[in-house]
Structures are given as C-alpha cells and as structure tokens.
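Since the structure comes first, as structure tokens, the remarks are kept for the end.
The analysis underlying the following values was restricted to heavy atoms, covering all of them including side chains, and did not include hydrogens, waters or symmetry mates. As the structure is a prediction and not an experimental result, all values here were calculated from the model.
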Amino acid sequence: MNPTLQTDNFLKLISKHLPDMLWAKDLEGRYLYANDSICKNLLMATPEEVIGQFDVFFATRERNKHPENKQWHTFGELCFNSDYVVLENMKPMRFEEYGNIKGELVYLDVNKAPLHDEEGNLIGTIGSGRDITAQVLLKKENEKLAYFDQLTTLPNRQKILLDINMKTPTACVIFNIDEFKEVNDFFGTENGDKILHDIALWFLKLDLETYRIDGDEFAILYYEDITLEMIKHNVENLLSLFEEELFHIEDENIHIQLSAGIAKAKDRLLTKADIAVHYAREQKIKIAVYEENANIEEKYKKNIAMATSIREALLDNRIICHYQAVMDLKTGEISKYETLVRMIDTNNEIVPPLSFLPIAKKMKLYSHITKEVIHQSCNTFKDRTETFSVNLSIDDIKDANTVQEIISTIIKTNTASRIIFEILESEGIENYDEVESFITQIKSLGAKIAIDDFGTGYSNFEHILKLNVDYIKIDGSLIKNIEENKKHQIIVETIVDFAKKMGSKTIAEYVYNENIFSIVKNIDVDFAQGFYIGKPDILE
C-alpha cells in the first residue's frame, strides 16, 4: 500500500472529526478544502457544495433564505475574503475575528498561513478557526460588570481611571448632586435610584460621554486643548440647563441641583477634580476649579493627618476630660461641672476641641469620643456629690449603640440622678421623635436635659415646650456682650422670664469678669460659668 495515500486518508479522517474549522483557499478566495466543522457551523453547506465557492456565495444564500434578519455579519466580507488578496511574502499569523454567515455573532481564534504547491509556488492560504464566542462574551460580560454601573449603565470609576490612563484627557469635571442624601431619606432609595437613572439619561441626551463615579457623582472628560475659562463657561451652561429640568417622583415634580469641580492637569486628574468638587460642596458654591497654588489639597492632607491623630489618641488614652465649674448664683456654691473634652498630642500638648471635633464628626469617630467622655466623667463623679453635664450631638442620640452605652454606664456608676445631657438647640433638635425618645429614656432613670447655646440664630421656644428640658444654657455670645449691648440684656431677661414660667433653670456661659457676673446675677439667672468663676481643668 502507498504510504502517502495512507497518510492522506488518515489526515482527512482526523480533519473531518476535529471540532476546529479547517480550510484551504486559492489566491482568489475560492475554497479548495473545508472540513465538516466549518461547513456545518459557519457556511451552512455540505463539503461538496463548498469547493470552488466564495464566502459571499453562502452569505448571500442565507440572507435570501432569511430576509427578516437585518443583522448580518459575514466572514467572507469581514475577514476571510482577505485570503484572496495574498502577498508573496505572507507569513503565518494569528488573530481574532468575528461575524457569521448565519447572521449570528461568532468569534473565532484564527490561524492563517501561506499554501504552496510541490514546487514551492504560492497557490493560496490555509487556515484554522476555533469558536471562542463563549469565552469572548464572558469576558465582555465581566468587563461590563467591572467597568459599568449596573443602575445607570454608565461607565464607572474604574473605567474612568482606565480611560484617563490610556487616553490621557486634558481635563475632568465632576458633578455632585446637592443634598442627595435628603432625596433618599425623603422619597426612599427606590425613588433615589430612579433620580440617578434619569440624571444619567439627561447627560446622555446631551451626547456627553458621562461616567457615574460614585453614588451621587457623575463625571465627564475633555480631550481637546481647552482653557479653564471655556470649560467653566461650558459647565455653567450645563448647570443652567440642569436647573430647568424637572424630575418626576410618583406624582411629584422636583428640581435637583448640581455642584461641579473642574480640574485641568497632566497628573492625578481625577483626584484633583474630586478635591475641587468637595471644595465646592464645602463652601456651598456651584463651581470650584482646582488650582495648584490654592492649598486645598494641603488642607485635606491636614484633615487626614488629624483623623489619624484622633484614632491614635483614642487607642492611647489621650482623649481626656477637663471640667469647668458652674456656680449656683443663689448660694455662691460650686454645685455643678461641665465636662469638656480635650485631646493630648504626642508632644503632650493640649489640642482644643474646635481643632479635632469637626473632623471627628466627618470621619465617624465622634461616637467613640462621646463614649470615652461618658466613661471618664461618670467614673470621675461616681464618688462625688456634684452634678455634671456632658454634651451630646444629634448623631449620638440617633446612634442606638451610643445610647445603650450611655444608659449602661450611668447605671453602672450610679450617676444617673446627677448627670445632665446638653443638646445643641441648633443641631437637628427638630428630629423630635428621636430626641423625645432619648429624653424619655434618660429622664426615667433620673437624668436631666439642658438645651445648649440657646438664644442665637433662630431660637425656637417651642423646642423647650415640647422637650420638657430642665436647663436652658444661654448662648455665650449674648452673655459676653451683655455689658455694652442693652438688647442682649433684654433677650437674656426674656429667656430667664420664660424659663421661670416653664419651671426650667437658666445657666449663663462666658462669665469672664465681675461686671458680667453682677449683671447675670441681678437679672436672676440661676447658674453661671466662665473664667471669672473657674477655668476648665482636671479634677482630682
């Protein structure tokens, strides 16, 4: 038997049953050979029909069979027809192509090589193709999950970072939805999601390539060399258009407003745009532009450093309490103390509250400080006879864990009947349900309530009526100017008269000299505190 014939038959048998598509074409693109896989899966024909035909023949035939299918992709048109434009120096190659004579999307991993006759003359091409559609579609789906927001279908933060790295844009604008938390709280997260979806559509209608980079933030990139003034002008126009837009929630129409941060930079573009938009929100302005010499970034670095210092101070027991004496103006005795928190830095220097408490609130560390203050003050006064006060924020009152820690500590130290909780009148006290619930719990244990900083801004006497407070602390700005400003004295007298009729006691803060001391005593304020009476200090 001829060994060559045996080999040819063996190769034909193998190629017939291989899952890979195998073919050979002449220099004009006509099939010289096609195995079963390419005939059945791609060309929709028998091997006998294939020989001598072009890819376009089979595509045309399938299109005529199914004229309703308008989404045709044809290998003969998109890729395989390149076989009949063969150069003499063609080398083996591998690449990925897509299309399908059946009108369905198919991805192939293609290998091609020149085909020579026995004399070495180039007579066509040979090729193989493996169907990798499942792998490609899975990869695309994974990329969609990784780089696209599922709610709005917009590209996400990971995608904008990738695009910034790959495409080197010249500028970035970030848009933040003003008070979006309030929208969510008021209308519910489902309606909040609808607003986000509608805002995404609004950007797309303007043909802006938009990213959703955070819960309530969207971004666009500029690639042309455009001035900051022109970008700012464009953004102002966008914000004006947006303010005219109505968004629909069930039967309600609402206006949503945006703030914007602009950055034009060659490095750390997104970070700088982030800094700009946060600055816009912080300063309550519509547009902020990142400027290298504005030291905005330096300020944020200091805030981060302070947040780190607060965490370390909490761990190292460097959050301490000082206590300021409160005098009973009827008896002249020191009957109370106000607890004031301090932080000790690594150089053993005292850090004042205004330097770290606002940052502690931003970084969700405030409740840890409150718990530490409660623990220290209750343990300081558990063996003393004076009453003492501790300041609470509305966030403390809304935090069930903090409230439970407070209740547990005052019961354990037996100080419930001598502790006063001071609540800022200006800090969300209108959340009556939560505040009333807390006051009811605390008062049932014997504790008392004071409204702090009363008398400045819009002081609501109804708060006092509704919350049944025991003490009204008159704001220091009224007391420290009471000597020179007769109107301040009238306001204080009004508060004192109101408190007496309600059965509440009054406390004057910022009593720093003898004259102010005499005035507040004469107008019948019940208690006073300030440097004239005593500075905050550690109690032995």
Side-chain angles (χ1 to χ4, degrees), residues 322-329 335-341 352-355 357-358 361 366 370 373 387-397 420-432 435 439 448-536:
H322 283 192
Y323 303 93
Q324 186 170 33
V326 180
M327 180 183 285
D328 185 329
L329 294 179
S335 59
K336 307 179 191 300
Y337 286 90
E338 180 180 2
T339 306
L340 300 168
V341 68
L354 284 176
S355 296
L357 285 182
K361 285 185 179 181
Y366 195 86
T370 297
V373 168
T387 60
F388 63 103
S389 64
V390 175
N391 290 280
L392 292 183
S393 72
I394 189 67
D395 290 334
D396 291 326
I397 292 170
I420 303 166
F421 293 101
E422 296 187 15
I423 304 169
L424 278 174
E425 197 261 348
S426 59
E427 197 184 67
I429 200 170
E430 65 275 4
N431 295 278
Y432 286 118
V435 175
I439 289 176
K448 292 183 171 55
I449 296 294
I451 295 296
D452 199 7
D453 291 348
F454 190 83
T456 59
Y458 175 68
S459 291
N460 193 334
F461 284 89
E462 191 178 7
H463 291 166
I464 311 299
L465 297 172
K466 282 190 173 182
L467 299 177
N468 187 26
V469 300
D470 302 287
Y471 297 92
I472 299 173
K473 296 195 76 173
I474 303 167
D475 188 77
S477 65
L478 292 172
I479 301 300
K480 66 184 178 182
N481 295 316
I482 203 169
E483 293 175 279
E484 298 85 15
N485 195 321
K486 187 65 177 176
K487 290 181 180 178
H488 281 199
Q489 184 169 332
I490 293 170
I491 294 171
V492 173
E493 287 173 348
T494 302
I495 294 171
V496 170
D497 183 58
F498 172 77
K500 287 187 181 304
K501 289 176 179 176
M502 293 305 303
S504 301
K505 300 292 185 181
T506 50
I507 304 172
E509 298 182 287
Y510 281 84
V511 177
Y512 63 88
N513 63 35
E514 185 177 1
N515 195 27
I516 293 175
F517 178 81
S518 298
I519 293 171
V520 298
K521 185 175 182 180
N522 289 336
I523 61 179
D524 217 13
V525 174
D526 296 298
F527 299 92
Q529 69 183 94
F531 281 12
Y532 179 73
I533 294 163
K535 295 181 179 180

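- Residues Ser504 and Asp526 approach most closely at O-OD2, 4.3 Å, considering heavy atoms.
- Once rounded to the nearest 0.5 Å, the distance linking CD1 of Ile449 with CD1 of Ile439 reads 4.5 Å.
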Q) Under the side chain to side chain contact (heavy atoms under 4.5 Å, CB included) criterion, do Asn515 and Glu483 qualify, and how do the steps go? A) CA-CA 8 Å; Asn515 195 27; Glu483 293 175 279; 2.6 Å; yes
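- Residues satisfying the side-chain contact (heavy atoms from CB on, under 4.5 Å) test with Tyr510, not counting sequence neighbours, are Lys480.
- Gln529 and Lys336 form no side-chain donor-acceptor contact under 3.5 Å, judged by distance and modelled atom types alone.
- Side chains of Asp396 and Ser393: a donor-acceptor N/O pair is present below 3.5 angstrom, by distance only.
- For the residue pair Pro358 and Pro353, the shortest heavy atom distance occurs at CD-O, 3.7 Å.
- Between atom CD1 of residue Ile420 and atom CG of residue Asn391 there is a gap of 11.0 Å, rounded to the nearest 0.5 Å.
- His488 is linked by a side-chain contact (heavy atoms from CB on, under 4.5 Å) to Leu478, Asn481, Asn485, counting only residues two or more places apart in sequence or in another chain.
- Residues Tyr337 and Phe388 place their aromatic rings such that the two centres sit no closer than 6.0 Å.
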Ignoring hydrogens and angles, write down the donor-acceptor pairs under 3.5 Å from the side chains of residues 493-501, residues two or more places apart or on other chains.
from	atom 1	to	atom 2	distance (Å)
Glu493	OE2	Gln489	NE2	3.3
Thr494	OG1	Ile490	O	2.8
Asp497	OD2	Lys501	NZ	3.2
Lys500	NZ	Asp524	OD2	3.3

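- For the pair Lys505 and Tyr471, the cation-pi test (distance below 6.0 Å, angle within 45°) is failed.
- Put simply, CG on Asp475 and CG on Asp453 are 4.5 Å apart, with the number rounded to the nearest 0.5 Å.
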Q.
If you apply the rule side-chain hydrogen bond (donor to acceptor under 3.5 Å, both in side chains), what do you find for Glu338 with Gln324, and how did you get there?
A. CA-CA 5 Å; Glu338 180 180 2; Gln324 186 170 33; over 6 Å; no
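- Results of the side chain to side chain contact (heavy atoms under 4.5 Å, CB included) test with Lys473 over Val326, Ile507, Ile451 single out Ile507 as the only residue that passes.
- Pairing each heavy atom of Phe527 with each of Ser335, the nearest pair is CE2-OG, 3.7 Å.
- Phe421 contributes atom CZ, which lies 14.0 Å from atom CG of Asp452 (distance to the nearest 0.5 angstrom).
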